[in-house]
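Data first, discussion second: the structure below is written as structure tokens.
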Amino acid sequence: MKDVLHELLQHALETLHRRGEIAGTPPAAYVIERTRSRKHGDFACNAAMLLAKPLGRRPREVAETLAAALPENPQVERVEIAGPGFINFFLADAAFHAELRRVFAEGAHYGHNRSGGGQTVGVEFVSANPTGPLHVGHGRAAAIGDSLCRLLTATGWKAVREFYCNDAGAQVHNFALSVQARIRGIGPDDPRWPADGYRGEYVRDIARAYLAGETVHAGRDAFTSPRDPDDLEAIRHFAVLWQRREQEEDLHAFGVDFDVYFLESALRNEGKVEQTVDRIVAEGHAYESEGALWLKSTDFGDDKDRVMRKSDGSYTYFVPDVAYHLSKWERGYRRAITELGADHHGSLARVRAGLQALDAGIPEGWPEYVLHQMVTVMKGGSEVKISKRAGSYVTLRDLIDEAGRDATRYFLVARKGDSQLVFDIDLARAQTNDNPVYYIQYAHARVCSVERQMHERGFVFERGPALKHLDRLDSPHARALLVEISRFPEGVEAAAGNLEPHLLAQYLRELAYAFHTWYNAEQFLVDDEAQRNARVALAFAARQVLANGLELLGVSAPETM
RNA sequence: GCGCCCGUAGCUCAACCGGAUAGAGCAUCGGCCUUCUAAGCCGACGGUUGCUGGUUCGAGUCCAGUCGGGCGCGCCA
């Protein structure tokens with residue numbers, strides 16, 4: 001919709017330029033945006049105010065000149081100059097009717113675009129250690145990351161969901177020791193319990209399964225327990241696979257399925273970590289000091305140099321991260337997005353510095369990062385402390401079981417990532433209208449109900465004829481809904497472009513509001529056939545957009561509530 | 001001490017990379033179901049956008065400072 005206005009303005013600017021009326025001014029970075037108030041029309045443009053300064057003319061005067069140069073267009077009813085120099089566009093109803101026809105023509109693809117040009121983007125998210133169940137924070141990562149992938153796919157990208165599994169570090173060793181202790185019947189209160197062991201009850205479940213000789217499957221891997229309490233390597237293998245399976249099941253129940261599970265152990269086994277370090281050394285961005293090997297990360301914007309290889313010969317954690325990101329580059333992700341908890345933002349500069357030090361032609365801003373702040377969990381009016389090692393924390397599984405997948409997903413994705421989130425379990429579990437997701441889903445279900453009623457009463461909806469009578473949608477409430485529907489493509493573009501899925505969640509609430517208001521104001525199934533068909537068409541279009549939007553959030557669109 | 005994020009209605013949060021009169025939900029109060037689902041709608045109440053300066057036609061948004069909260073600053077991951 002906006003495109004038409006951009007063309008008109010571009011045309012006007014060129015005309016004025018030719019006439020020399022705005023000579024010498026650079027192409028202004030003007031914007032065309034939705035107005036807040038109907039009084040200001042449907043769209044407003046700030047071009048005149050930006051041009052006024054370099055021209056040394058009054059903004060409103062420039063606006064007049066600009067408006068006068070705008071070509072006629074059937075989509076635009078009239079143009080007004082207002083306020084400090086806004087050019088306000090009042091669109092003809094026909095413009096919104098055309099948009100409604102697009103909804104029907106494009107169906108499940110309405111709102112999508114091809115701006116990604118079919119390019120691949122690797123999106124890494126969750127990437128939890130395989131040492132315990134997923135918690136709320138991982139849930140937020142999953143909800144944000146998956147919605148991002150859906151949004152990127154909808155805007156023409158080929159999004160690949162990737163999970164990086166740290167199955168080779170010290171934490172995993174710790175974890176294996178904890179399981180081994182449990183196998184031997186040693187509990188966390190026992191003096192023989194390993195330092196920094198994982199105290200959670202789930203560790204005991206794993207020990208039990210190991211002793212029973214069970215076989216665990218995760219992804220394409222499988223492993224059968226040899227039941228030997230002394231075989232730490234077997235225990236590690238078994239326990240990691242067990243956790244991977246648990247995490248995959250939880251994520252699947254959450255509606256999140258990854259395309260690639262990338263194992264840190266594979267990276268190490270293939271010697272990629274050493275190769276990465278060697279390459280950095282060869283490029284001259286490393287030095288030895290105090291018995292350790294350092295990366296000169298200060299050459300690349302980090303605030304201090306970082307140890308890569310400790311004096312004991314092992315690597316610091318970020319080196320595999322660099323190797324992993326290099327593998328992303330080598331696997332062809334010319335665009336990559338890494339979604340992380342903000343508590344890891346310190347590693348960001350390090351990884352980017354490491355990548356630059358490789359001199360592999362990786363652009364400075366690669367990969368892009370999307371961070372989310374902490375989630376605080378409230379239960380019974382007080383905060384639940386999250387401590388993996390102590391084993392007391394709220395799992396993603398708990399949330400799904402208590403609040404349902406839809407509410408949990410919506411709740412976790414509906415807020416901007418860079419503010420902290422309070423997840424009130426009692427609220428989410430209450431299943432009342434405190435949960436905005438029901439409000440949106442209800443709008444969808446209501447249209448489905450109308451359709452059922454329509455059939456029961458023997459009315460038939462024919463799209464073709466119905467779309468010829470859209471001028472019967474003449475009430476303010478109907479128009480407001482038409483406007484909301486037409487905003488959807490812009491909402492998708494904004495959410496995908498800014499990597500902020502919460503914008504879409506916000507939009508859907510507004511769309512649902514416009515629908516409910518209209519629903520309460522007008523009867524759809526009236527005897528007047530043209531009137532009825534026009535309204536049913538609008539209702540169906542609203543349902544389509546609600547469904548498309550919910551799909552992008554990974555939330556279901558139920559036919560009944 | 002240094003770096004990053006946040007501070008908006010009583011509570012939880014929006015505000016489209018500077019726009020016009022800062023918006024929703026919850027809570028509180030008052031209305032609307034013999035008509036397509038009341039998980040809904042309509043109305044009222046509620047604000048010096050933490051504070052102080054600055055930049056400009058215009059600032060919740062940008063800059064400086066300040067206060068408060070969170071996170072990070074390891075040869076931990």
Side-chain angles (χ1 to χ4, degrees), chain A residues 29 31 33-37 39-40 44 46 49-50 52-53 58-60 82-86 88 129 131 166 169-172 174 196 289-294 303-304 306-318 320-321 341-349 371-374 376 414-422 424 427 431-439 441-443 445-454 456-457 487 490-491 493-495 497-498 500 502-503 505-507 509-510 512-513 515-526 535-536 539 560-561:
Chain A
V31 293
E33 55 186 8
R34 296 273 175 172
T35 57
R36 246 195 279 259
S37 157
K39 284 187 299 189
H40 299 138
N46 65 346
M49 293 179 290
L50 296 175
K53 182 108 183 185
R58 305 155 79 90
R60 287 190 66 112
F86 287 104
N88 291 335
N129 285 351
T131 54
N166 293 101
Q171 288 308 323
V172 169
N174 245 343
D196 298 326
S289 174
E290 303 167 54
L293 183 67
W294 297 69
D303 54 2
K304 58 174 88 157
R306 308 287 172 175
V307 170
M308 290 193 289
R309 193 168 54 222
K310 305 182 226 170
S311 44
D312 68 2
S314 64
Y315 296 106
T316 54
Y317 75 95
F318 91 91
D321 282 358
D343 54 341
H344 289 88
H345 83 265
S347 81
L348 205 146
L371 302 180
H372 66 266
Q373 293 288 336
M374 276 182 44
T376 327
R415 283 156 176 96
K416 193 160 53 180
D418 50 16
S419 44
Q420 292 171 34
L421 170 62
V422 178
D424 187 331
L427 199 69
Q431 302 220 358
T432 65
N433 47 2
D434 293 349
N435 270 322
V437 65
Y438 294 115
Y439 180 83
Q441 290 180 317
Y442 184 41
R446 269 185 153 174
V447 180
C448 294
S449 178
V450 168
E451 184 175 26
R452 286 190 296 271
Q453 282 285 325
M454 185 179 76
E456 275 173 32
R457 297 192 198 175
R487 282 181 54 208
E490 295 158 37
E493 185 60 46
N498 298 326
E500 291 185 340
H502 80 278
L503 293 173
Q506 202 67 24
Y507 163 79
R509 171 162 260 289
E510 285 157 19
Y513 169 73
F515 173 79
H516 285 306
T517 298
W518 175 58
Y519 178 96
N520 269 67
E522 286 177 5
Q523 195 75 16
F524 304 169
L525 301 177
V526 292
R535 288 178 180 168
V536 170
T560 57
M561 296 292 281

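Note on naming: letters A, B, ... go to the chains in the order of the sequence lines (proteins, then strands), and numbering restarts at 1 for each one.
Evaluation of the side-chain contact (heavy atoms from CB on, under 4.5 Å) rule for A/Thr560 yields A/Arg452 as partners, not counting sequence neighbours. Residues that satisfy the side chain to side chain donor-acceptor pair (under 3.5 Å) test with A/Glu500, not counting sequence neighbours, are absent from this structure. Not counting sequence neighbours, the partners of A/Glu510 by the side chain to side chain donor-acceptor pair (under 3.5 Å) test are A/Arg487. Applying the side-chain contact (heavy atoms from CB on, under 4.5 Å) test to A/Asp418 and every residue at least two apart in sequence or in another chain returns A/Lys416. Legend: residues meeting ring-ring contact (aromatic ring centres under 6.0 Å, His included) with A/Phe86, ordered by chain and number and at least two apart, are absent. When the ring-ring contact (aromatic ring centres under 6.0 Å, His included) test is applied to A/Tyr315, no partner is found at least two apart in sequence or on another chain. By the side chain to side chain donor-acceptor pair (under 3.5 Å) test, A/Arg309 is found to be paired with no residue, residues two or more places apart in sequence or in another chain being considered. For A/His345, the ring-ring contact (aromatic ring centres under 6.0 Å, His included) criterion is met by no residue, not counting sequence neighbours.
When ring centroids are compared, A/Phe524 and A/Trp518 come within the 6.0 Å threshold.
Regarding the sugar-base torsion, B/C51 falls in the anti class, its angle being beyond 90° of 0.
Both A/Tyr513 and A/Tyr519 sit near RNA chain B, but only A/Tyr519 has its closest nucleotide nearer the 5' end. In this structure, A/Asn520 and A/Arg457 both approach RNA chain B, and ranking their closest nucleotides by distance from the 5' end singles out A/Arg457.
When the P atom is compared between B/U28 and B/C4, the two are found 42 Å apart, to the nearest whole Å. Look at the C1' atom in both B/C33 and B/A27: the space between them is 24 Å, to the nearest Å. Only the P atoms considered, B/C51 is 15 Å distant from B/G68, to the nearest whole Å. Nucleotides B/G70 and B/A64, compared at atom P, are 24 Å apart to the nearest Å. The gap from the P atom of B/C26 to that of B/C71 amounts to 31 Å, rounded to the nearest Å. B/A44 and B/A39: their P atoms are spaced 24 Å apart (whole Å). Annotation: B/A14 and B/A9 have their C1' atoms spaced 13 Å apart (nearest Å). Nucleotides B/U61 and B/A20, compared at atom C1', are 15 Å apart to the nearest Å.
Helical stems in RNA chain B, defined as runs of 3 or more consecutive Watson-Crick or G-U wobble pairs with donor-acceptor distances under 3.5 Å: B:1-7 with B:67-73, B:10-13 with B:23-26, B:28-32 with B:40-44, B:50-54 with B:62-66.
No side-chain N or O of A/Asn129 forms a donor-acceptor pair with one of A/Thr131 less than 3.5 Å apart.
Looking at heavy atoms from C-beta onward, A/Arg457 lies in side-chain contact with A/Leu525 at the 4.5 angstrom threshold. Side chains of A/Ser289 and A/Trp294 form a contact here, defined as non-hydrogen atoms less than 4.5 Å apart. Residues A/Tyr519 and A/Val450 form a side-chain contact, since some pair of their non-hydrogen atoms from C-beta on lies under 4.5 Å apart.
Per the geometry, CZ belonging to A/Arg60 stands 16 Å off P belonging to B/G58, to the nearest Å. Atom CG of A/Asp424 and atom P of B/A27 are 13 Å apart (whole Å). A straight line from CG of A/Asp196 to C1' of B/C76 spans 9 Å, rounded to a whole angstrom. At whole-Å resolution of the value, CG in A/Asn46 and P in B/U61 are 18 Å apart. In this structure, A/Gln373 atom CD and B/C5 atom C1' are separated by 4 Å, rounded to whole Å. We find that CD of A/Gln441 is positioned 16 Å from C1' of B/G25, with the value rounded to whole Å.
A/Glu493 comes within 4.0 angstrom of nothing in the nucleic acid, heavy atoms only. Residue contacts for A/Met374: at a heavy-atom cut-off of 4.0 Å it reaches the sugar-phosphate backbone alone, with no base atom in range. A/Ala445 comes within contact range of at least one nucleobase, with a heavy-atom separation under 4.0 Å. Among the atoms of the strands shown, base atoms are found under 4.0 Å from some heavy atom of A/Asn88. Contacts of A/Pro84 with the nucleic acid, taken as non-hydrogen atoms under 4.0 Å apart, include base atoms. Residue A/Glu456 is classed as having no contact, given no heavy-atom separation below 4.0 Å to the nucleic acid. Contact annotation for A/His40: base contact, defined as any heavy-atom pair under 4.0 Å involving a base atom. In this structure, A/Ala539 reaches neither bases nor backbone, as no heavy-atom distance under 4.0 Å exists between it and the strands shown.
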Please write out the pairs of protein N or O atoms and N or O atoms of nucleotides 9-16 of chain B separated by less than 3.5 Å, giving the distance to one decimal.
residue	atom	partner	partner atom	Å
B/U12	O2'	A/Arg415	NH2	2.7
B/C13	OP1	A/Gln420	O	3.3
B/C13	OP1	A/Val422	N	3.3
B/C13	O5'	A/Arg415	NE	3.4
B/A14	OP1	A/Lys416	N	2.8
B/A14	OP1	A/Ser419	OG	3.3
B/A14	O2'	A/Gln506	NE2	3.4
B/A15	OP1	A/His502	NE2	2.8
B/A15	OP2	A/Lys416	NZ	3.3
B/C16	N4	A/Arg34	O	3.1

Below 3.5 Å is the cut-off: list the nitrogen or oxygen pairs between protein and nucleotides 72-74 of chain B, distance only.
residue	atom	partner	partner atom	Å
B/C73	O3'	A/Lys304	NZ	3.3
B/C73	O2'	A/Lys304	NZ	3.2
B/G74	OP2	A/Lys304	NZ	2.6

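Geometrically, A/Arg446 does not engage A/Phe515 in a cation-pi contact, judged by NZ or CZ lying under 6.0 Å from the ring centre and within 45° of the ring axis.
Across all non-hydrogen atoms, the minimal contact from A/Val526 to A/Gln523 is CG1-O, 3.6 Å. Taking both residues in full, the closest heavy atoms of A/Ala292 and A/Ser311 are given as CB-N, 4.2 Å, listed atom of the first, atom of the second, then distance. A/His40 and A/Thr35 make their closest contact through O-CG2, 3.2 Å (heavy atoms, listed as atom of the first residue, atom of the second, distance).
Stacking between A/Phe86 and the base of B/A20 is present: ring centres sit under 5.5 Å apart and the planes differ by under 30 degrees.
Not one side-chain nitrogen or oxygen of A/Lys53 sits closer than 4.0 Å to the OP1 or OP2 atom of B/U56. For B/C42, one of the phosphate oxygens OP1 or OP2 lies less than 4.0 angstrom from a side-chain nitrogen or oxygen of A/Thr517. Distances shorter than 4.0 Å separate none of the side-chain N or O atoms of A/Tyr438 from OP1 or OP2 on B/G25.
For RNA chain B, the residues of residues 308-316 of chain A within the heavy-atom distance limit of 4.0 Å (strictly under) are A/Lys310, A/Ser311, A/Thr316, sorted by number.
The side chain of A/Val450 approaches B/C36 more closely than any other nucleotide in the set B/C41, B/C57, B/C36.
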